[in-house]
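Report on the structure given below.
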Amino acid sequence: MIETTITQLLREAIVSLYGQEPAEALLQVQKTRPEFKGEYTVVVFPLLKISRKNPEQTASEIGKYIIDNSSDIIEFNVIKGFLNLSVSNQYWLRFFGEIFHESDYGFKKHTGGAPIVIEYSSPNTNKPLHLGHIRNNLLGWSVAAIAKANGMDVKKVNLVNDRGIHICKSMLAWQKWGNDSTPETTGQKGDKLVGDYYVRFDQEYKAEMAALIEKGMDPDKAKNEAPLLLEAKQMLKKWEDGDKQVRDLWLKMNGWVYDGFDVTYNRLGIDFDKIYYESDTYLLGKSLVEEGLKKGVLFKKEDGSVWCDLTAEGLDEKLLLRADGTSVYMTQDLGTAQLRYNDYHPEKLVYVVGNEQNYHFDVLKLVLKKLGKEWADAIEHLSYGMVELPQGKMKSREGTVVDADDLMDEMYQTAKITTEALGKFDDFTPEEAHKLYNMLSLGALKYFMLKVDPKKTMMFNPAESIDFTGNTGPFIQYTHARIKSVLRKADEAGISFSEVNTSISELDDKEKSLLVLLHEFPQTVNQAAISFSPAIIANYAYELAKEFNQFYHALLILKEENMHKRQLRLQLSSVTARTIKLSMQLIGVEVPERM
RNA sequence: GGUCCAGUAGCUCAGUUGGAUAGAGCAGCAGCCUUCUAAGCUGCGGGUCACAGGUUCGAGCCCUGUCUGGAUCACCA
């Protein structure tokens, strides 16, 4: 990497010129802004204390030393306190020659070490997936792909919240008002069917509450004592006791939901190495709580409920087991964390979960620590922001959620209409066209969701986000398709470009800026992996595509008369297409060969 | 009220460990299809980086305070 070389030269220059070993932090090398000549810039301001000269003089002295002592840096210019360095064409061509045949340039191989476990998705089995889940799923999948590309051993896991009071609510509603309807009899997707009964429960429950309040009951009391809620609670107890009837119903309805989820996951293109079910792990959580009670780090209240006292850490007391002995969310999470640790002994346990649960994860770590689990430090909450709609937040009970399947359908239609309007479908078979519309609509959706910094709340405007122009997935896909088209034409014309020709000594600005960008790819992957941010990759891919589009327009690749030049440009195009493809792979977006 | 997060162009977002005149896209305006794909390219207009102090050679970025918005502090998950 040339930056490393420059930093090294800079250090030597300072030692040689000023007789002092500089601190690492003082050595600042960055990319040169496009309006100046050069590719890399040394910021000399921090070095003035050592040089005891003015910025221009210091920069000139260092610049001179560097070009005198390196064959790769051939020129410098000084503007204020900035020393701009020009890297030789030979260096760039040598670098290009190295990566040209490296088909997975920028990706690292796994070098051993403990795995990193990434949990994402974590759906509840009482309602279908919506826009918020889409952000979660795409983030988790992409973060895993990026970590893998950066040489980590990644395990993708899903934790299905398949039990609890909310599940019992749908079950109860179905039992009461379902009339034995099934996905088969209704033709409805299983997760949607069950979701409808969850909504039904809520409606009936609210009606009951209102009736009780009408009769003069205290609202808080009504909330807790409405017969429907009591029934749901009883059902949960029966479930935990293993009541056969309840368990059978539960198995049946969850089965419908899983079938529905699979359809959505498949379409989204996400997958898992392992699926955990809370019904399998909550007992372990309970036993951890028992253990904690014995150790005296937890305590029991007079009603029999079990708590963890976190007031010393500045938080509240936290409930771990209800008075009736049933477990809560936290209990289950303790169990799954332990199980996952047992399974993998991972270096890191990443949870992709919305930022509304920041507090939950603080508590989870603290409780685990209290229970003596030192590995709690490996837990990392990848906290992402909510997805908001123009009309405000999504509320499932108010019907303002954007359903995942519906959204994908709509985007597919838009891709179809847009493509047909452009008249590009002529020579595609129906199968090819279908495949393309799928690629484009999913590309648009995925790119839109992932280009935003994960931790930020994002705005999703359905009307605008299906735009295919500008900074979008389809723009990048389009660029890839065009490059491939150039390469096909070159092939048809019998122009070979398989050998890198390093005999050319002249590179123009456009070619150079593409090379600089390609040079950055491995660092970009690395940085995205460290900060768990697909947005870094997405924005890089856009920059690359944009840069190429300008390049493409400025230079007629196939018309170039100089054979060496033409060959070099074809090679550059080929590597650019490959890098675009690799980048898009990391955010789960397929790129078409033509469109 | 406590804790945490955010505030950058009309809108959606970038902005690397603090570095040069704060960048894209959309929307608006003006050009470019006899040119390897116009889902593109070129140009124009658009900014008190919420506000006020501070730190320093230098602050969108760091510190303090204020304002605004959001999340959370549930025997929901």
Side-chain angles (χ1 to χ4, degrees), chain A residues 24-25 28 30-33 35-36 41 43-46 48-49 55 79-82 84 122-124 126 161 163-167 169 224 233 278 303 305 307 314-316 318-324 326-330 332-333 354-360 362-363 383 385-386 388 390 393 415 418-419 421-422 424 440 444 448 451-453 455-461 464-465 467-479 481-490 492-493 523-524 527 531 535-536 538-539 542-543 546 549-550 552-554 556-559 573 594-595:
Chain A
E24 196 64 32
Q28 294 185 29
Q30 55 196 237
K31 246 177 92 176
T32 304
R33 295 196 145 219
E35 58 266 35
F36 303 105
T41 295
V43 185
V44 299
F45 292 109
L48 301 183
K49 274 179 222 152
I79 294 167
K80 292 200 254 175
F82 299 93
N84 301 323
S122 320
N124 292 335
N126 63 336
N161 300 293
R163 60 162 297 282
I165 188 80
H166 55 299
I167 311 293
K169 288 176 181 175
N224 290 318
K233 280 184 173 175
E278 274 189 1
D303 67 352
S305 55
W307 298 73
L315 305 175
D316 294 326
K318 191 76 194 168
L319 177 85
L320 295 178
L321 279 180
R322 296 191 187 95
D324 65 2
T326 55
S327 59
V328 292
Y329 181 38
M330 186 59 70
Q332 295 153 187
D333 255 15
N355 62 10
E356 72 269 17
Q357 292 195 34
N358 288 352
Y359 178 74
H360 172 79
D362 289 345
V363 172
S383 163
M386 314 188 63
E388 285 182 0
K393 265 180 279 174
T418 310
T419 307
L422 288 168
K424 294 199 173 194
L440 290 173
F448 187 85
K451 75 171 176 190
V452 181
D453 185 335
K455 66 173 187 285
K456 288 195 173 176
T457 302
M458 69 177 289
M459 172 65 64
F460 185 86
N461 186 337
E464 286 172 12
S465 52
D467 218 352
F468 290 176
T469 62
N471 187 354
T472 62
F475 166 73
I476 299 168
Q477 291 171 315
Y478 171 68
T479 305
R482 283 213 309 196
I483 297 175
K484 285 297 190 182
S485 168
V486 173
L487 298 178
R488 271 196 304 274
K489 297 231 156 109
E492 282 161 19
Q523 291 158 262
T524 307
Q527 215 197 328
S531 49
I536 291 174
N539 287 308
Y542 175 65
E543 209 182 323
K546 194 174 159 60
N549 260 293
Q550 292 164 3
Y552 175 91
H553 212 260
L556 295 170
I557 298 167
L558 294 176
K559 298 266 163 65
S573 305
R594 63 197 188 107
M595 65 184 269

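Values in this document were obtained by computation on a predicted structure and should not be read as measured data. Values below: all heavy atoms of this structure, side chains included; hydrogens, waters and symmetry mates excluded. Below, read A as the first sequence line, B as the second, and so on, with proteins coming before strands; counting in each chain starts at 1.
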Please list, chain by chain and in numerical order, all residues satisfying salt bridge (Lys or Arg N to Asp or Glu O under 4.0 Å) with [X], sequence neighbours excluded.
| X | value |
| --- | --- |
| A:Asp362 | none |
| A:Lys489 | none |
| A:Arg33 | A:Glu35 |
| A:Lys31 | A:Glu520 |

Ring pair (Phe, Tyr, Trp, His ring centres under 6.0 Å) involving [X] - partner list, sequence neighbours excluded:
| X | answer |
| --- | --- |
| A:His360 | A:Tyr329 |
| A:Tyr542 | A:Phe475 |
| A:Tyr359 | none |

Using atom names, set out every protein N or O paired with an N or O of nucleotides 2-4 of chain B below 3.5 Å, distance rounded to 0.1 Å.
none

For A:Ala538, side-chain contact (heavy atoms from CB on, under 4.5 Å) partners two or more places apart: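 A:Ala538 satisfies side-chain contact (heavy atoms from CB on, under 4.5 Å) with A:Tyr447, A:Lys451, A:Ile587 once adjacent residues are dropped.
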Under the side-chain contact (heavy atoms from CB on, under 4.5 Å) test, residues paired with A:Arg322 that sit two or more places apart: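 With sequence neighbours excluded, A:Arg322 shows a side-chain contact (heavy atoms from CB on, under 4.5 Å) to A:Leu236, A:Leu319, A:Asp324, A:Thr326, A:Val328, given in chain and number order.
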Summary of protein contacts for nucleotides 22-37 of chain B, nucleotide by nucleotide, where a base hit scores B, a sugar-phosphate-only hit scores S (4.0 Å, heavy atoms): -SSSS---------BB
Nucleotide N/O to protein N/O under 3.5 Å, stretch nucleotides 74-76 of chain B:
from	atom 1	to	atom 2	distance (Å)
B:C75	N4	A:Asp303	OD2	2.8
B:C76	OP2	A:Arg322	NH2	3.2

